[in-house]
> 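Structure incoming, see below.
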Amino acid sequence: MVEQLNSIPTNSIKQKAKSLGFDLAAITSTEPLDTAHIENFKNWLAGGFNGEMSWLEKNIEKRFSPALLMPQAESIICTAINYKPLRNISAIASYALYQDYHTFIKQKLSELADFIKKEVSKELKFKICVDSVPLAERALAERAGLGFIGKNHILTNPQLGSFLLLGELITNLPLKPDEPLEQKDYCKNCNKCFDACPTGAIAANQPFDANKCVSYLTIEHKGRIAKKLRPKINCIFGCDKCITACPYNAQAPVCRNRDFKFSAERQKLTAEQILKLSEKDFDALFVNSAVHRTGLRQLKRNALIFVKNKT
Ligand code: B12
Ligand code: SF4
Ligand code: SF4
């Protein structure tokens with residue numbers, strides 16, 4: 001088995017991933033995550049910290065045992081792209097100022113699979129995962145050594161920071177797994193993300209509370225936003241506060257991926273302009289963006305609260 005593992009050139013796969021524009025690529029096995037993760041997740045759901053995201057209650061076994069997601073799954077190629085913008089000046093979360101990362105990363109992972117099939121093994125079987133597949137992406141990326149999970153719950157790379165989007169290729173190839181980063185307290189005494197969080201969705205010794213998270217409220221939560229939370233909504237779509245506050249992002253490089261299209265037009269858009277958008281304008285501005293799925297009605301709901309809070 002060891003011989004078989006070593007015979008597959010993982011370096012060429014990682015190099016190809018880099019040439020396709022991924023900033024990080026590393027391998028982990030399809031072994032289940034340890035029981036502490038599963039218990040943590042089940043307790044999180046039992047506490048109702050997932051808000052209305054009931055879809056997180058389904059496929060729990062698959063989320064932590066990636067081998068169940070594909071027959072003969074043997075290894076996972078975990079990737080990340082750096083999306084740190086040049087300036088973080090918008091009330092729309094930075095990731096949503098780019099083209100839709102789901103389609104972008106899926107396309108790149110499919111190109112990586114084509115390369116592996118051609119250059120490494122014709123027998124390749126694979127499954128592409130970006131966000132929507134029930135998979136504990138951060139925990140797996142951590143196990144592959146892409147970074148550590150910070151107190152803000154974000155996968156952070158000590159050199160590249162945490163403006164990172166994740167994607168995975170589950171394969172039937174027995175690739176040699178990489179090691180996690182050295183086990184140490186990367187956050188130390190820092191609490192900057194807790195201080196920056198407007199609602200207390202993240203705080204010391206408490207699980208992540210989606211019910212209070214501005215990202216959840218502005219993107220996932222349908223209907224009215226509770227009156228007591230409204231004065232704290234200082235973003236229109238998503239929220240970058242706990243990422244921007246993190247010292248690991250201070251010196252981190254900005255996104256260098258020219259293929260990952262950034263929209264300066266979306267970045268300049270004000271809440272007042274959003275309130276005046278027609279469905280046609282909205283489609284034109286947000287086509288191929290993560291904002292499109294949320295819809296104009298909800299975007300206007302958020303913009304209205306944002307404007308009220310400014311005045
Ligand atoms: C649901 C979801 C959300 C929800 C809930 C967020 C949350 N923290 O869970 C909402 C809508 C709020 C959200 C917001 C955001 N999200 Co989101 N989201 C997801 C999704 C689909 C599932 C995450 C999940 O399972 N959450 C459940 C909780 C319990 O899991 P967790 O916090 O990840 O905790 C795990 C580990 O940290 C660990 N763990 C945590 N605590 C402890 C304690 C112990 C003792 C142990 C053993 C383990 C442990 O175990 C847990 C289970 O694996 C993932 C994609 C995916 N399939 O993974 C993207 C994902 C996490 N989101 C992402 C992003 C970019 C964001 C935002 C930054 C977007 C924005 N700017 O608005 C914010 C950040 C909010 C934040 N601080 O987390 C990226 C994160 C990339 C990264 N570098 O980490 C992901 C991975 C999508 C992607 N493919 O890139 N998101
Ligand atoms: S995304 Fe915003 S509201 Fe949610 S935990 Fe981070 S800082 Fe708090
Ligand atoms: S802001 Fe500080 S505590 Fe929060 S994730 Fe970054 S280093 Fe850790």
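Residue indices begin at 1 and follow the sequence shown.
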> Report the residues that fulfil side-chain contact (heavy atoms from CB on, under 4.5 Å) with Pro85, sequence neighbours left out, ordered by chain and then residue number.
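In terms of side-chain contact (heavy atoms from CB on, under 4.5 Å), with neighbours along the sequence ignored, Pro85 is linked to Asn88, Ser94, Tyr98, Phe163, Phe262.
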> Tell me the closest heavy-atom pair linking Ala210 and Met53, and the distance in Å.
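So the two residues come closest at CB-CE, 3.7 Å.
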> Sequence neighbours excluded, which residues qualify as salt bridge (charged side-chain N to carboxylate O under 4.0 Å, His left out) partners of Arg293?
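With neighbours one apart ignored, the set is Glu220.
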> With sequence neighbours excluded, tell me which residues meet ring-ring contact (aromatic ring centres under 6.0 Å, His included) with Phe22.
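Checked Phe22 against ring-ring contact (aromatic ring centres under 6.0 Å, His included); zero matches.
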> Provide the full list of side chain to side chain donor-acceptor pair (under 3.5 Å) pairs with a residue in residues 192-216, sequence neighbours left out, each pair given once.
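For residues 192-216, and leaving out neighbouring residues, the side chain to side chain donor-acceptor pair (under 3.5 Å) pairs sorted by first residue read Asp209-Asn211.
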> Does the pair Lys310/Glu272 count as a salt bridge with the N-to-O cut at 4.0 Å?
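Counted as a salt bridge, because a side-chain N and a carboxylate O are separated by less than 4.0 Å.
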> How does the hydrophobic cluster around Val254 look, that is, which other residues are in it when side-chain heavy atoms under 4.5 Å mark a link?
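Its cluster partners, ordered by chain and number, are Leu86.
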> Going by side-chain heavy atoms closer than 4.5 Å, which hydrophobic residues are tied to Leu304, directly or by a chain of links?
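Leu304 clusters with Leu275, Val307.
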> To check you understand the geometry: which heavy-atom pair defines the closest contact between Lys16 and Leu112, and what is its length?
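Of all heavy-atom pairs spanning Lys16 and Leu112, the closest is CG-CD1, 3.8 Å.
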> Just to verify, what does Asp100 make a salt bridge (charged side-chain N to carboxylate O under 4.0 Å, His left out) with, not counting sequence neighbours?
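So Asp100 forms no salt bridge (charged side-chain N to carboxylate O under 4.0 Å, His left out) with any residue.
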> The criterion is side-chain contact (heavy atoms from CB on, under 4.5 Å); which residues satisfy it with Gln15, sequence neighbours excluded?
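Counting only residues at least two positions away or on another chain, Gln15 forms no side-chain contact (heavy atoms from CB on, under 4.5 Å).
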> Taking only residues two or more places apart in sequence, or in another chain, which ones meet Phe286 in a ring-ring contact (aromatic ring centres under 6.0 Å, His included)?
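Phe282.
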> Could you note down all residue pairs passing salt bridge (Lys or Arg N to Asp or Glu O under 4.0 Å) where residues 38-49 supplies at least one of them, sequence neighbours left out?
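Listed once each, the pairs would be none.
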> Which pairs count as side chain to side chain donor-acceptor pair (under 3.5 Å) when at least one residue sits in residues 53-67, sequence neighbours excluded?
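Qualifying pairs, neighbours excluded: Asn50-Glu57.
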> Quick one: salt bridge (charged side-chain N to carboxylate O under 4.0 Å, His left out) partners of Lys122, sequence neighbours excluded?
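Residues passing salt bridge (charged side-chain N to carboxylate O under 4.0 Å, His left out) with Lys122: none at all.
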